[in-house]
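Written out below as structure tokens is the structure these notes cover.
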There are 2 protein chains.
Amino acid sequence: MVYSLNIYEMKTPVTILDIARELGISKSTVSRVLQNTYDVNPETRQKVLDKMQQMNYRPNMMARNLKKGSTSVIGVNIPAFDIPFYSQAISGIQNEAARQGYNILTCQSNEDVNTELKNIETLLASQVDGLLISISKTARNVMHLLELQRNNIPVVLFNRVAGQMDFSKVYVNDFDGAHKMVNYLIGKGHKKIAHIAGPGNLSLSKNRIEGYKASLKAHGISFAEELLIEGDFSFADGARCMNELLDRQLEIDAIFCVCDSMALGCMQVLKQRGYRIPKDIAVAGYTNDPAAEYVDPGLTTIAQPSYQIGVEAAALLIRKIKNPAYPRQDVILDTELIIRNSA
Amino acid sequence: MVYSLNIYEMKTPVTILDIARELGISKSTVSRVLQNTYDVNPETRQKVLDKMQQMNYRPNMMARNLKKGSTSVIGVNIPAFDIPFYSQAISGIQNEAARQGYNILTCQSNEDVNTELKNIETLLASQVDGLLISISKTARNVMHLLELQRNNIPVVLFNRVAGQMDFSKVYVNDFDGAHKMVNYLIGKGHKKIAHIAGPGNLSLSKNRIEGYKASLKAHGISFAEELLIEGDFSFADGARCMNELLDRQLEIDAIFCVCDSMALGCMQVLKQRGYRIPKDIAVAGYTNDPAAEYVDPGLTTIAQPSYQIGVEAAALLIRKIKNPAYPRQDVILDTELIIRNSA
DNA sequence: CTGTTAGCGCTTTCAA
DNA sequence: TTGAAAGCGCTAACAG
């Protein structure tokens, strides 16, 4: 009798057919109470509901979705979960998606284009209704995005956007953020302001460079090529860039970094090499990572509404999914200058 | 003729039937090349492959999964994406899952039990093959977990674990971590060591308290109830606890916090109230958040292998999914004492 | 090696 | 208000 016990335990999930049989009715009727949009005899309805409760029925979304042709699932591809910006953006994405009855299938590219391609393939195979994408910094071209466009897949790009596709995009006004910061630095009397930029394939890098240049120009300071250096966003590379800049023996009184992690790398190098911050060289970041608040001196930076970016991106995508005719649009969010003590 | 154009554009996804028809063969044959486990005439196989390429065929996982009765999707419920520990753990989970051909459906509870319940319901409805759960700090009971057990759902709990269920668990040796830290503090000559603990419903809180007590005892220091205070993990609450402790006018020469965010809150209060760290009061944390490295003074803390916890949890769950007979097991990972300048 | 057939669990006409 | 039946895209016997 041990066997029957086992069989009992590995009970297969209960289906509408099971509960229909138990009640001596047809599965269509059961299905109807599930939709609660058709007319069903109130008594029957209640009996069905009770039975469902009793038998612990749970609708099989796979079957339902196969029938409906949509999954109410959004695929998300980001560079990495443990980048503070993305963990906050994902938080916004998930909350907004849940609010609207969507689930999220999440992948990280680990900053590798090939992984990114594979992720997108996997997500499409899972029949996601749409895609939220922030490209990897190694994505030198956007063929994969064009491919999505050709296939009419609803896509919204966020934060790291690129290309001229017919996709909505959500990002911050990088030009303005950089402009604001450099204005501030100049206002504090700095004149030799270096800039550590981000990877050249990302619009955000370009836009921040433009904002930096525009501010210099507006204040009659000529742009010096040798004060501009490209990095890869990482703490370690921030340190490398700072060392390189210092080794060039230029006069520098301030340094504006494309992101906080690089700025933190700069600060570490500056401290090691005996510079006082901000007295000898001021340091400014961008992104307002949690760490910016705790470092010494506190990092002056530009805050981005990362959670809100996630919310907007998800909302936009869902609107597009529900109405494919919904036109593309760019949502450009504002940044905020956060003044601490490093500049 | 505009209409026909539109119709052309909203082409429905191509199925195996489409490519079978195009080739004048049966869809079974097409299906067979998809499985590439059955014997198919090499020529036919190639023709099918070519056609798939040409027609841009993508298998419909929903259909496949409905048939197979499994989804190769793992449901994940965590308290919040933007807690550094979890963003790293998720990173490990996703990479390991992807390596083994699984996708992850992720939800956050925002530390709310009801949301947690809803998340789990949603994930189950999506027919996930198993669940990776870290409970919210407001989860005072574990009825929902018992329910999962009753339904034979493969579950692995990680980090924040609770209850006596037949689930595998992955967590760090909290007793040992706390013990190690307090030993270190005592070794530095501290005798009046306060402890800010975590929510009482979580084993990790209890275990760290036990480690703290055991170390005191081993060194002949008697445990003082008034030096123990319970907090909720947050920076703000760390500040609150610190103030409260200070206001009690006790002699304190060191404070050991259940997590770094609370320790950072303590440091802020201590600085504001004119205490020198570690001279007047030493501060120690737990978790080794990125910020711990950047604060001034650097925070002495206990590092947890957060990424690895994610990897182990995912691996364990997948093993259980593939072999339901696989017995439960506890994976207890080791911590590391990271000495900086705050203690 | 290949085609036919019967579902997986659900929704939704069409009739009654 | 209800039931019968077809079918979403795919897999897997079974038969040839």
Side-chain angles (χ1 to χ4, degrees), chain A residues 10-49 51-52 55-73 101 122 124-129 151, chain B residues 10-49 51-52 55-73 101 122 124-129 151:
Chain A
M10 55 200 251
K11 50 176 180 287
T12 153
V14 5
T15 72
I16 52 169
L17 188 59
D18 294 326
I19 83 136
R21 267 199 292 249
E22 287 278 322
L23 258 30
I25 60 177
S26 84
K27 62 181 183 150
S28 326
T29 304
V30 178
S31 175
R32 284 190 188 99
V33 352
L34 239 26
Q35 315 308 318
N36 76 347
T37 152
Y38 294 84
D39 279 332
V40 177
N41 181 316
E43 275 183 34
T44 320
R45 150 178 244 88
Q46 195 51 52
K47 271 197 286 188
V48 168
L49 256 16
K51 201 48 136 186
M52 281 175 168
M55 297 186 71
N56 199 10
Y57 169 78
R58 218 185 306 276
N60 183 328
M61 287 303 171
M62 251 179 337
R64 182 178 290 180
N65 293 340
L66 175 59
K67 184 71 194 171
K68 278 195 321 176
S70 81
T71 53
S72 295
V73 171
T122 314
L124 290 178
S126 298
Q127 313 299 120
V128 294
D129 288 350
N151 287 295
Chain B
M10 55 202 249
K11 52 177 180 287
T12 151
V14 7
T15 72
I16 52 170
L17 189 57
D18 294 327
I19 84 133
R21 266 200 293 251
E22 287 277 322
L23 257 31
I25 60 177
S26 83
K27 61 181 183 150
S28 330
T29 303
V30 178
S31 175
R32 283 192 188 97
V33 353
L34 239 25
Q35 316 307 317
N36 76 349
T37 151
Y38 293 83
D39 279 331
V40 177
N41 182 315
E43 275 181 35
T44 319
R45 146 178 247 89
Q46 195 52 53
K47 270 197 284 188
V48 168
L49 256 17
K51 201 48 133 186
M52 282 178 168
M55 296 185 74
N56 200 9
Y57 169 77
R58 218 185 306 278
N60 184 327
M61 287 303 171
M62 251 180 335
R64 182 179 292 180
N65 293 339
L66 175 60
K67 181 72 193 169
K68 280 194 319 173
S70 82
T71 53
S72 295
V73 172
T122 314
L124 290 179
S126 298
Q127 313 299 120
V128 294
D129 288 351
N151 288 297

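Residue numbering restarts at 1 for every chain, and letters A, B, ... go by the order of the sequence lines.
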Partner set under salt bridge (Lys or Arg N to Asp or Glu O under 4.0 Å) for [X], not counting sequence neighbours:
{"X": "A:Asp18", "value": "A:Arg21"}
{"X": "B:Lys51", "value": "B:Glu22"}
{"X": "A:Arg58", "value": "B:Glu121"}

Checklist entry - Roughly how far, to the nearest 0.5 Å, is the OG1 atom of A:Thr44 from the CD1 atom of A:Ile25? => result 6.5 Å
Could you tell me the separation between the [atom1] atom of [X] and the [atom2] atom of [N], rounded to a whole number of Å?
{"X": "B:Arg64", "N": "C:dG7", "atom1": "CZ", "atom2": "C1'", "value": "17 Å"}
{"X": "A:Ile16", "N": "C:dT11", "atom1": "CD1", "atom2": "P", "value": "6 Å"}
{"X": "A:Asn65", "N": "C:dT11", "atom1": "CG", "atom2": "C1'", "value": "12 Å"}
{"X": "B:Arg45", "N": "C:dT2", "atom1": "CZ", "atom2": "P", "value": "10 Å"}

Checklist entry - Are there more than 12 heavy atoms of other residues, nucleotides or ligands under 6.0 Å from atom CD of B:Gln35? => result yes
Next on the checklist: Please report the end-to-end axis angle for the helix from C:dC1-D:dG16 to C:dA16-D:dT1, five pairs per end, rounded to 10 degrees.
Outcome noted: 40°
Checklist entry - With nearest nucleotides of DNA chain C determined for A:Leu17 and B:Ile25 from heavy-atom distances, which residue corresponds to the more 5′ nucleotide? => result B:Ile25
Checklist outcome for this item: Comparing A:Arg58 with B:Asn41, nearest DNA chain C nucleotide closer to 5' gives the residue B:Asn41
Next on the checklist: What contact category does A:Asp39 fall into here, base, sugar-phosphate, or nothing, at under 4.0 angstrom with non-hydrogen atoms?
Outcome noted: base
Find every protein N or O atom lying less than 3.5 Å from an N or O atom of nucleotides 12-16 of chain C, and list the pairs.
from, atom 1, to, atom 2, distance (Å)
C:dT13, O4, A:Arg32, NH2, 3.3

Next on the checklist: For a 4.0 angstrom threshold against heavy atoms of chain A, report the outermost contacting nucleotides of DNA chain D in 5' to 3' order.
Outcome noted: D:dT1 to D:dG9
Item to check | Worked verdict on B:Met52 versus B:Leu34 for side chain to side chain contact (heavy atoms under 4.5 Å, CB included) | outcome: CA-CA 10 Å; B:Met52 282 178 168; B:Leu34 239 25; 3.3 Å; yes
Checklist entry - Can a side chain N or O of B:Thr29 be found less than 4.0 Å away from OP1 or OP2 on C:dG3? => result yes
Checklist entry - Between A:Arg45 and A:Asn36, is a side chain to side chain contact (heavy atoms under 4.5 Å, CB included) present by the stated rule, with each step listed? => result CA-CA 9 Å; A:Arg45 150 178 244 88; A:Asn36 76 347; 2.8 Å; yes
Could you pull out the closest heavy-atom pair between [X] and [Y], with the gap in Å?
{"X": "A:Ala20", "Y": "A:Ser26", "answer": "CB-C, 3.7 Å"}
{"X": "B:Ile16", "Y": "B:Tyr57", "answer": "CG2-OH, 3.5 Å"}
{"X": "A:Met62", "Y": "B:Leu66", "answer": "SD-N, 3.7 Å"}

Next on the checklist: Could you check whether any side-chain N or O of B:Ser126 sits under 3.5 Å from a backbone N or O of B:Thr122, counting only pairs where one atom can act as donor and the other as acceptor?
Outcome noted: yes
